[in-house]
Amino acid sequence: MQKQCHSHFKPEKSWCLVIALVGLIGGALFISMFFKTSENSFLCNNQAPNMGKFLDKGKSSNPQQLQLDAILHYATSRVIPQQTIDEIRVSFDVLKNKTPCHFLVFGLGHDSLMWASFNSRGNTLFLEEDPKWVETILKDAPFLHADTVKYRTMLSEAEELVEHYHKEPDCSARKSFLRGNHRCKLALDMLSDEVYNKEWDVIMIDAPRGYFAEAPGRMAAIYSAAVMARNRKGNGVTHVYLHDVDRKVEKIYAELFLCRKYLVKGVGRIWHFEIPPASNAGNNFC
């Protein structure tokens, strides 16, 4: 999801992916238009009276327009998402059945319009580390909903933070809390109230940066996503997606907090977990 990665794609492969993305988004738009019998009647869960709880005031209030904007954007842009079409389909297949839902995305970038359009009638929130990058993206897509996050970790601390987790009681799965959890360095303790107050149905971890020593790394994002999933009070599991699992830290932390037993699918560099609430999972992460 980081902006630095996009230059690695070859032009011919980029256009193939653009065409495939347009097909995906176009398919989602076709489905929504097919089932739409009145302006506000289409909901995958047939809950039109509750639509207001998913759509944020001041954000895009026209789901169909959001999807059309996404199609236009990816049909005319040479800048494409970081994930491959096969990786995108892993989460798309769930989102098309879950929407409208609460969708939390770690990272803001050239694929954000795509993710928001997949959940156009739901609430999609992006968490980004770089305030300047937020300004850049929102300048062209002001209807996207994004918060800036200040991480307390660095990638070089990954091994040390594993030891910290084992020694610090406030990091334990038994406690599993984030807001105000200053003692646990892996806990994202200063996020907006919206993050803490909502139960997220789907969580995508494709940030923060994790490819050089001084980068924040994804340790805290992975830990915090696991805590959010465990704290779920509603029915069903939390779908958690982790990208770049070919990297050592992502793989170690996924095994430690997201758990191999909850891994339901892996394609390319993305893993899909279905994590049950703590009431069904016991007192340990894994």
Side-chain angles (χ1 to χ4, degrees), residues 43-47 50 53-54 87-107 115 118-119 122-125 127 161-162 165-166 168-181 184 186-189 191 194-207 218-245 249-267 269-286:
L43 287 175
C44 290
N45 296 328
N46 296 321
Q47 295 176 335
N50 296 323
K53 71 179 182 180
F54 292 103
E87 291 170 346
I88 291 170
R89 280 190 181 277
V90 176
S91 47
F92 173 75
D93 287 343
V94 169
L95 283 167
K96 69 182 180 181
N97 293 317
K98 293 290 293 183
T99 187
C101 66
H102 294 313
F103 183 20
L104 183 66
V105 183
F106 285 87
W115 296 128
F118 289 165
N119 187 39
N123 174 43
T124 304
L125 173 62
L127 301 180
L161 287 169
V162 171
Y165 156 68
H166 287 299
E168 175 53 57
D170 281 357
C171 289
S172 70
R174 289 176 178 270
K175 290 196 173 183
S176 287
F177 73 106
L178 297 178
R179 194 196 319 245
N181 190 353
C184 181
L186 287 169
L188 293 178
D189 61 333
L191 300 176
E194 179 181 3
V195 179
Y196 300 128
N197 294 339
K198 281 189 172 64
E199 291 196 345
W200 300 98
D201 304 295
V202 182
I203 301 175
M204 172 70 71
I205 306 171
D206 206 357
R218 297 183 185 170
M219 301 84 68
I222 294 170
Y223 171 86
S224 297
V227 171
M228 293 178 197
R230 287 178 57 83
N231 288 344
R232 183 180 181 86
K233 300 295 188 296
N235 295 327
V237 299
T238 301
H239 296 269
V240 179
Y241 297 89
L242 175 62
H243 197 225
D244 296 317
V245 295
V249 169
E250 276 78 356
K251 185 171 293 184
I252 290 175
Y253 275 74
E255 298 274 4
L256 188 58
F257 297 114
L258 302 179
C259 311
R260 176 70 65 170
K261 63 183 177 182
Y262 301 137
L263 178 63
V264 296
K265 192 169 187 179
V267 175
R269 295 179 297 146
I270 198 165
W271 281 352
H272 172 202
F273 299 85
E274 293 182 359
I275 303 178
S279 57
N280 298 331
N283 294 322
N284 299 308
F285 283 106
C286 299

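Bear in mind the structure is a predicted one, so any value in this text is a computation, not a measurement.
- Side-chain contact between M219 and V162 is absent, with no heavy-atom pair separated by less than 4.5 Å.
- Pairing each heavy atom of N119 with each of C101, the nearest pair is ND2-O, 3.0 Å.
- Remark: aromatic rings of Y253 and Y223 are distant, center separation not under 6.0 Å.
- Ring geometry, Y241 versus H239: the interplanar angle falls under 30°, so the pair is classed parallel (tilted spans 30 to 60°).
- S224 places a side-chain N or O within 3.5 Å of a backbone atom of A220 that can act as its donor or acceptor partner.
- Under the 3.5 Å distance criterion, with hydrogens and angles disregarded, a donor-acceptor pair is assigned to the side chains of N123 and E194.
- Panel note: side chain K198, backbone Y196; no donor-acceptor pair is recorded below 3.5 Å.
- Checked by atom type and distance alone, the side chain of W200 pairs as donor or acceptor with a backbone atom of V195 at under 3.5 Å.
- The closest donor-acceptor contact from the side chain of S172 to the backbone of P169 lies under 3.5 Å.
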Output side-chain donor-acceptor pairs under 3.5 Å for residues 173-180, partner residues at least two apart or in another chain, one line each.
from: K175; atom 1: NZ; to: D170; atom 2: OD1; distance (Å): 2.7
from: S176; atom 1: OG; to: A173; atom 2: O; distance (Å): 2.6
from: S176; atom 1: OG; to: R230; atom 2: NE; distance (Å): 3.4
from: R179; atom 1: NH1; to: D193; atom 2: OD1; distance (Å): 3.0
from: R179; atom 1: NH2; to: N197; atom 2: OD1; distance (Å): 2.9

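- Residues in residues 251-261 take part in these salt bridge (charged side-chain N to carboxylate O under 4.0 Å, His left out) pairs, two or more places apart or across chains: E255-R260.
- When side chains are defined from C-beta on, H102 does not count as touching V202, because their heavy atoms never get closer than 4.5 Å.
- Side-chain atoms of N97 come within 3.5 Å of backbone N or O of D93 as a donor-acceptor pair.
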Using a 3.5 Å cut-off and no angle test, enumerate the donor-acceptor pairs between side-chain atoms of residues 276-286 and protein atoms at least two apart in sequence or in another chain.
none

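- Formation of a donor-acceptor pair under 3.5 Å by the E274 side chain with backbone atoms of V264 is not found in this model.
- The main-chain N or O of R269 is found under 3.5 Å from a side-chain atom of E87 such that the two form a donor-acceptor pair.
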